[in-house]
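So the structure is just underneath, and the comments pick up after that.
Just so it is clear, the values below take in all heavy atoms, side chains as well, and ignore hydrogens, waters and symmetry mates. Computed from a prediction, not measured in an experiment: that's the story for all the values here.
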Number of protein chains: 2
Amino acid sequence: MNIEDLPLEALDLPHPAREELVLTQVLFALSDPTRLGIVREIAAGPKEMAACDALRPDIPKSTRSHMAKVLRESGVVRSEPHGRCRLLRLRREDLEARFPGLLDAVLGTASAPD
Amino acid sequence: MNIEDLPLEALDLPHPAREELVLTQVLFALSDPTRLGIVREIAAGPKEMAACDALRPDIPKSTRSHMAKVLRESGVVRSEPHGRCRLLRLRREDLEARFPGLLDAVLGTASAPD
DNA sequence: CTCATGGTTCCAAATCTTTCGAACCATATC
DNA sequence: GATATGGTTCGAAAGATTTGGAACCATGAG
């Protein structure tokens, strides 16, 4: 059974359903360089929050958590418990369904100097 | 001679050059419902600021001007003097060159309820 | 069970954005 | 030239977002 098939309620933090995604909120979530950096990092596959370079240096826990929250609440990312860590997964299919081509366009752009 | 061919310095307000466009700034400019509304309105062709529905109701001049400014400074829009008015023009080619597919993806989405 | 780790929540401070009045500027029309 | 119109700029107030410390929670490892 795949995590995608679980009802969203099964996860311990609230995630918007696909139909609830709002374009302006998604654009806002992606409009911050650090958050966009996280998204780029998990584009190739899910990644533990603790392993994200964009979150690592010396950023306090609460700040990192807040960044993940903005991505989660906008529906860009799914955050699932994974042992002691949290796995961040890009909600590719949901985003593609609601906003076709958007993610590819955003990720397709060379990352520097954003 | 086309406005597109003029050096940016020829316009009375500063516009970033194509190479200077920054993805996160563009996304931020588009992440506000009113500003996105303006962009949708000028997607089919340039439009006078004064004719934009998104700006019309009872919004004070200074507020409207500020909204146009955010779009202009991020490079989403070119604002050219046009008689007494100002013509807003979507910087399609520049955006397409820097962020291929982004604008289509953003505009392709049904506008409601964003 | 105990501890370390990774993360969340709550809260307050700092920062950034938005809003809008007032003053001002430019163009078009009379 | 005078006036009306559409817009900019400035500055201040209101509102949102971001940052980070402290307390807390859950899981995995010992």
Side-chain angles (χ1 to χ4, degrees), chain A residues 3 10-15 22 24-39 41-42 46-74 76-89, chain B residues 3 8-15 22 24-39 41-42 46-74 76-89:
Chain A
I3 186 79
L11 304 173
D12 74 332
L13 290 176
H15 290 71
V22 174
T24 48
Q25 288 171 10
V26 168
L27 293 175
F28 180 81
L30 297 173
S31 75
D32 173 79
T34 304
R35 290 191 302 252
L36 183 54
I38 296 171
V39 170
E41 282 190 62
I42 64 175
K47 198 168 179 180
E48 288 177 355
M49 218 174 129
C52 287
D53 292 319
L55 293 176
R56 266 201 294 167
D58 51 348
I59 300 175
K61 288 134 71 87
S62 50
T63 301
R64 304 176 354 165
S65 186
H66 178 256
M67 284 166 170
K69 186 186 192 184
V70 174
L71 287 171
R72 174 173 53 78
E73 290 184 337
S74 67
V76 172
V77 144
R78 193 179 297 281
S79 168
E80 15 169 316
H82 181 250
R84 258 194 295 216
C85 299
R86 217 157 240 290
L87 209 60
L88 296 185
R89 188 187 294 271
Chain B
I3 186 80
L8 294 171
E9 291 71 35
L11 305 172
D12 74 331
L13 289 175
H15 290 72
V22 174
T24 49
Q25 288 172 10
V26 168
L27 295 174
F28 180 80
L30 297 172
S31 75
D32 173 79
T34 304
R35 289 191 302 251
L36 183 54
I38 296 170
V39 170
E41 283 189 61
I42 64 175
K47 199 169 178 178
E48 287 177 355
M49 220 174 126
C52 287
D53 291 320
L55 292 176
R56 264 202 294 167
D58 52 347
I59 301 174
K61 290 134 71 84
S62 50
T63 302
R64 302 174 356 162
S65 185
H66 180 255
M67 284 166 171
K69 185 185 191 183
V70 174
L71 288 171
R72 175 173 53 79
E73 290 184 335
S74 67
V76 172
V77 143
R78 193 179 299 279
S79 168
E80 13 169 319
H82 182 251
R84 258 194 297 217
C85 299
R86 220 156 236 292
L87 209 61
L88 295 184
R89 187 188 293 273

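Taking all atoms of both residues into account, the shortest heavy-atom contact from A/S79 to A/L13 is OG-CD1, 4.4 Å. In terms of heavy-atom proximity, A/E48 sits nearest to A/C85 at OE1-SG, 3.6 Å. Residues A/I59 and A/A54 come closest through the heavy atom pair CD1-O, 3.6 Å. Considering every non-hydrogen atom in both B/R35 and B/A29, the closest pair reads NE-O, 2.8 Å.
A side-chain contact (heavy atoms from CB on, under 4.5 Å) with A/I42 is found for one member of A/V76, A/L87, A/L88 and no other, namely A/L88.
Taking A/R64 as the reference, nothing meets the side-chain hydrogen bond (donor to acceptor under 3.5 Å, both in side chains) condition, with sequence neighbours excluded. B/Q25 meets the side-chain hydrogen bond (donor to acceptor under 3.5 Å, both in side chains) test with no other residue; sequence neighbours excluded.
Annotation: the span from B/D12 atom CG to B/E80 atom CD amounts to 10.5 Å, rounded to 0.5 Å. The OG atom of B/S31 lies 11.0 Å from the CG atom of A/D32; values are rounded to the nearest 0.5 Å. Between B/T63 atom OG1 and B/L55 atom CG the span is 10.0 Å, to the nearest 0.5 Å.
For DNA chain D, the span of nucleotides reached by chain B at under 4.0 Å from its heavy atoms goes, 5' to 3', from D/dA4 to D/dT9.
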Next item on the list: Give the B/S/- string for nucleotides 18-23 of chain C, one per nucleotide from 5' to 3', where a protein heavy atom under 4.0 Å of the base yields B, of only the sugar-phosphate yields S, and otherwise -.
Entry: BBBBB-
Next item on the list: For nucleotides 25-30 of chain C, just jot down a letter per nucleotide in 5' to 3' order: B, S or -, based on protein non-hydrogen atoms under 4.0 Å.
Entry: --BBS-
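Between the side chain of A/R86 and the main chain of A/M49, no donor-acceptor pair closer than 3.5 Å is present.
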Give every donor-acceptor pair under 3.5 Å between a side-chain atom in residues 65-74 of chain B and any protein atom, sequence neighbours left out.
unit_1: B/R72; atom_1: NH1; unit_2: B/P14; atom_2: O; d: 2.7
unit_1: B/S74; atom_1: OG; unit_2: B/V70; atom_2: O; d: 3.1
unit_1: B/S74; atom_1: OG; unit_2: B/L71; atom_2: O; d: 3.0

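Comparing the end axes of the helix from C/dC1-D/dG30 to C/dC30-D/dG1, each fitted to five base pairs by superposing C1' atoms of four pairs onto the next four, gives an inter-axis angle of 30° (nearest 10 degrees).
Following rounding to the nearest Å, A/R64 (CZ) and C/dG6 (P) show an atom-to-atom distance of 8 Å.
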